[in-house]
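Inspection log for the structure reproduced underneath, given as structure tokens.
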Amino acid sequence: MKPALREQILTILAAIPPGRVTTYGRIAAMTDGATPRLVARALRELPDGHGLPWFRVLTASRRLADHPGAPEQRQRLLAEGVHFDARGRVAAEALWP
């Protein structure tokens, strides 16, 4: 991945406010050429101790992606006041931007 594209993705990620979420696709749409898969890759490759709110990024269906960090992601979102419905989706009102 080109460093400039990675920087765009991480800048957008850093801007997601607490209590709000966005999707891989929305982040991709805000960049110059990323795809949702490239966004997911950038998040997967974050170094330890980065401090970026990776947990605020969901799938297009407003659900958590299937990955080892999903339980932690859910807990962090709940701690920020983000609620899930019975089917595991976050309310559309929580979407950013």
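For the numbers below, each heavy atom of this structure counts, side chains included, while hydrogens, waters and symmetry mates do not. If you're wondering where the values come from, they're calculated on a predicted model, not measured in any experiment.
At a threshold of 4.5 Å between non-hydrogen side-chain atoms, the residues Phe84 and Leu78 count as touching. Under the 4.5 Å side-chain criterion, counting only non-hydrogen atoms from C-beta, Thr31 is not in contact with Val39. Between Arg44 and His67 the shortest side-chain heavy-atom distance does not fall below 4.5 Å. For the pair His50/Leu10, no side-chain contact is recorded, criterion being any heavy-atom separation below 4.5 Å from C-beta on. Here the side chains of Arg87 and Arg63 are in contact, with some heavy-atom distance below 4.5 Å. Residues Glu80 and Pro53 are not in side-chain contact: their nearest non-hydrogen atoms beyond the backbone lie 4.5 Å or more apart. Counting heavy atoms from C-beta on, the side chains of Arg41 and Leu38 come closer than 4.5 Å. Contact check for Val82 versus Arg56: no side-chain heavy atoms found under the 4.5 Å cut-off.
The distance from the OG1 atom of Thr22 to the CG atom of Leu95 is 6.5 Å, given to the nearest 0.5 Å. Note that the CD1 atom of Ile9 and the CG atom of Leu5 stand 4.5 Å from one another [nearest 0.5 Å]. With rounding to the nearest 0.5 angstrom, the CD atom of Gln73 is 5.0 Å from the CH2 atom of Trp54. Remark: His83 NE2 to Glu93 CD distance equals 11.5 Å, nearest 0.5 Å. Separation of atoms CD1 (Ile27) and OG1 (Thr11) is listed at 11.0 Å; rounding is to 0.5 Å. Here the CD atom belonging to Glu7 is positioned 10.5 Å from the CD1 atom belonging to Ile12, to the nearest 0.5 angstrom.
Using a 4.0 Å cut-off between a side-chain N of Lys or Arg and a carboxylate O of Asp or Glu, Arg76 and Glu72 qualify as a salt bridge.
A side-chain contact (heavy atoms from CB on, under 4.5 Å) with Val57 is found for one member of Ile16, Thr23, Val21 and no other, namely Ile16.
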Trace of the side chain to side chain contact (heavy atoms under 4.5 Å, CB included) decision for Trp96 with Arg26: CA-CA 9 Å; Trp96 173 90; Arg26 283 178 179 231; over 6 Å; no
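Annotation: Asp85, atom CG; neighbour count of heavy atoms from other residues, nucleotides and ligands within 6.0 Å is above 12.
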